[in-house]
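Proteins get letters first, then strands, A, B, ... in listed order; numbering begins at 1 in each.
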2 protein chains.
Amino acid sequence: MNKTGGTFSKDHDRTARLSNVALLYYGEGLTQSEIAKRLQVSRVTVVNLLREARDQGIVEIHVNGEQLKESTLARELASKFDLEDVYVSDVFDTQAVDRAAVLRQLGRVASMAFLDIVEPGDRIGIAWGETIMAMSDALPRVRVEGAEVSQLIGSMISKRVPASENCTIRIASQIGAVCYTLHAPALASTPELAQLFRDEPTIATQLERLQNLDMVAYSIGNLSDETHMAAAGMTTVKELHAAQAKGARGIICCRFIDADGRGISLPPTDRIIASELADLRAAKKRMLVVCGEDRLDAIQAAIMGGLATHLCIDAALGKALLSA
Amino acid sequence: MNKTGGTFSKDHDRTARLSNVALLYYGEGLTQSEIAKRLQVSRVTVVNLLREARDQGIVEIHVNGEQLKESTLARELASKFDLEDVYVSDVFDTQAVDRAAVLRQLGRVASMAFLDIVEPGDRIGIAWGETIMAMSDALPRVRVEGAEVSQLIGSMISKRVPASENCTIRIASQIGAVCYTLHAPALASTPELAQLFRDEPTIATQLERLQNLDMVAYSIGNLSDETHMAAAGMTTVKELHAAQAKGARGIICCRFIDADGRGISLPPTDRIIASELADLRAAKKRMLVVCGEDRLDAIQAAIMGGLATHLCIDAALGKALLSA
DNA sequence: CAAACGAGTTTACAAATGTCAATTTTTAAA
DNA sequence: TTTAAAAATTGACATTTGTAAACTCGTTTG
């Protein structure tokens, strides 16, 4: 019956069928039973087809990012801190029970904001961390012509983020961009070794690339004992306390910043292989994605230092920031 | 309570809330009841919020266009007629009962194909008709940088298409493109008047624009007595029969073509204000969207004449075309 | 050849969803 | 201030959906 035969065309016929089924269900609004009758299969099969279509990204659900920056809270924040745009996520949870859920929702909002902010041809720098991971997880497949995505921070094994390069790689793949990863650890064991890494040609080239970005997307850590950098074993509680004593308020790209958003060079800064704060500031569009009221000090510091033009935050943090 | 007050911010707060609710529902996968509990509203309200979000295009469902051209039928057609890509829509209806439903599904497939084919910066020509209307109705809001959309055919009042400019306008607005409408009727009452119209500076400029397009999207009519051109009162049954006798097989942009896809100048051709066939052929990407087996002759003629590089058709027509 | 496998089926059930009509609350207008 | 219109609520209901378990039927594959 199938002249061309083979699993090749069979697979493709299958996905083409998935697409048409998905359109009938989501577009035409037919019920699963109606579709099952037409396909002459059982309804259970239709359920499975639809799930497959969603899982494979054949159907995707987009939320218009522009709406998210229009709330009163978002606009008040933007005007108070003189930011281009603020996007606020909200899980409407009266007692913010589930941090993971808040993070996921922020990730979704941030991914829509990202698509709202990015422009064709942009050279984009991506940091990594829980928050950026949440964003990249939620990013749908939307082609951005001529985009380039670069990893801002060297790689690291951490329990919270399976593979740090993943953020960069996934975002690049979703928007069809060229992907430049940073082939170095985020932290070297000695300052000298870190410098050797930085001087290594392939790495030096990449670090240079980070000096000419159009857009950066990153998050920020605070100085609590459980901050991501400590959890990943990149710094010690002792160092954190010392940094705090010296006025550090936040951590951006593994670097400490003070209340005015200026970098403070403290151990282990000299062992870090990552974009410099100045590089971030050089980017025209600086997207800061943050979740949790415990980042209040940190985010204020970053804004003071002109490190952000666009903000994506959860409603609780937003309210705290506005009344701060 | 609401310091800034006014309906402005209220509306915006509302849509921002819609967005977050939509993300919780479609993204996080919460049930309506769970969301209702969080928002402290009734579930019915959540149902309404979600519907509103969909209606307003705050949430949109995309289907990946690439899948639709991978079916065996699509690839066999592409290779048989030496086309770049063929997209096949299917409603899986054993006895094609509902033409309107077939048309809607084709419109959805065509809109995904359109997004698949279009590139940033493209100058796009859009015809009008039932089929193109179905496509533009289904087109989601996706920005295409630097695109320009031009109306290929003058305007016309017709029962089947509420307002002919609508196709062009809607497509332009959905992709964020500059929109150039053609401020003339599709049919003038005399050839002389038609020429006067064509020479009118604003119209002449627009017609000139149509000579340099990167992409065109149009459909094709047959020569049946109910063909759209006749239904719209732009030609008479007598003229149609005469055209048929002279070898006409299809109607593209209100112009007759013969079996080899060459234009035939027959009344009322000289009274038409629209893109020339040569203009269509000059576009690098020529997207032909057709629905219904009764267009078999017409579509063959168009393909023969090299008028299409991309095809969007329904499965029934596809099968007929393959075995023709 | 038989075991294992994948895809699909049936049946059954619990949960989620859409919809209606009647009612209350809120909002805007006269 | 009263009133009309709009928006949200409640409760009831039918439909739709998701999921599970056990079963069938070809196709591989060892």
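For B:Glu28, the side-chain contact (heavy atoms from CB on, under 4.5 Å) test picks out A:Ala101, A:Arg104, A:Arg108, B:Leu24, B:Leu30, with sequence neighbours left out. Listed by chain and residue number, A:Val44, A:Thr45 satisfy the side-chain contact (heavy atoms from CB on, under 4.5 Å) test with A:Ser42 (two or more places apart in sequence, or in another chain). Considering only residues two or more places apart in sequence or on other chains, A:Arg143 meets the salt bridge (charged side-chain N to carboxylate O under 4.0 Å, His left out) condition with A:Glu145. Under the side-chain contact (heavy atoms from CB on, under 4.5 Å) criterion, B:Ala110 pairs with B:Met135, B:Met287, B:Val289, B:Cys312, not counting sequence neighbours. Looking at residues two or more places apart in sequence or on another chain, you find a side-chain contact (heavy atoms from CB on, under 4.5 Å) between A:Asp294 and A:Asn222.
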Enumerate the protein-to-nucleotides 15-19 of chain D contacts in which both atoms are nitrogen or oxygen and the separation is below 3.5 Å.
| unit_1 | atom_1 | unit_2 | atom_2 | d |
| --- | --- | --- | --- | --- |
| D:dT17 | OP1 | A:Tyr25 | OH | 3.0 |
| D:dT17 | OP2 | A:Gln32 | N | 2.8 |
| D:dG18 | OP2 | A:Gln32 | NE2 | 2.4 |
| D:dG18 | N7 | A:Arg43 | NH1 | 3.3 |
| D:dG18 | N7 | A:Arg43 | NH2 | 3.4 |
| D:dG18 | O6 | A:Arg43 | NH2 | 2.8 |
| D:dT19 | OP2 | A:Arg51 | NH1 | 3.1 |

N/O-N/O pairs, protein side and nucleotides 24-26 of chain D side, under 3.5 Å:
none

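Counting only residues at least two apart or in different chains, side chain to side chain donor-acceptor pair (under 3.5 Å) contacts with residues 314-324 of chain B are absent. Applying the ring-ring contact (aromatic ring centres under 6.0 Å, His included) test to every pair with at least one member in residues 45-76 of chain A, sequence neighbours left out, gives these pairs: A:His62-B:His62. The salt bridge (Lys or Arg N to Asp or Glu O under 4.0 Å) pairs that include a residue from residues 44-65 of chain B are B:Arg14-B:Glu52, where partners are two or more places apart or lie in different chains. Evaluation of the ring-ring contact (aromatic ring centres under 6.0 Å, His included) test over residues 15-54 of chain B, restricted to residues two or more places apart or in two chains, returns none.
At whole-Å resolution of the value, NZ in B:Lys37 and P in C:dA15 are 14 Å apart. The interatomic distance linking B:Gln40 (CD) with D:dT10 (C1') rounds to 17 Å, in whole Å. Look at CG on A:Leu39: it is 11 Å from P on C:dG8, rounded to the nearest Å. Distance B:Leu49 CG to C:dT17 P: 14 Å, rounded to the nearest Å.
Screening B:Lys69, B:Arg75, B:Lys285 for a salt bridge (Lys or Arg N to Asp or Glu O under 4.0 Å) with B:Asp85, the sole residue that qualifies is B:Lys69.
The C1' atoms of five pairs define one axis at each end of the helix from C:dC1-D:dG30 to C:dA30-D:dT1, and these two axes lie 40° apart (to 10°).
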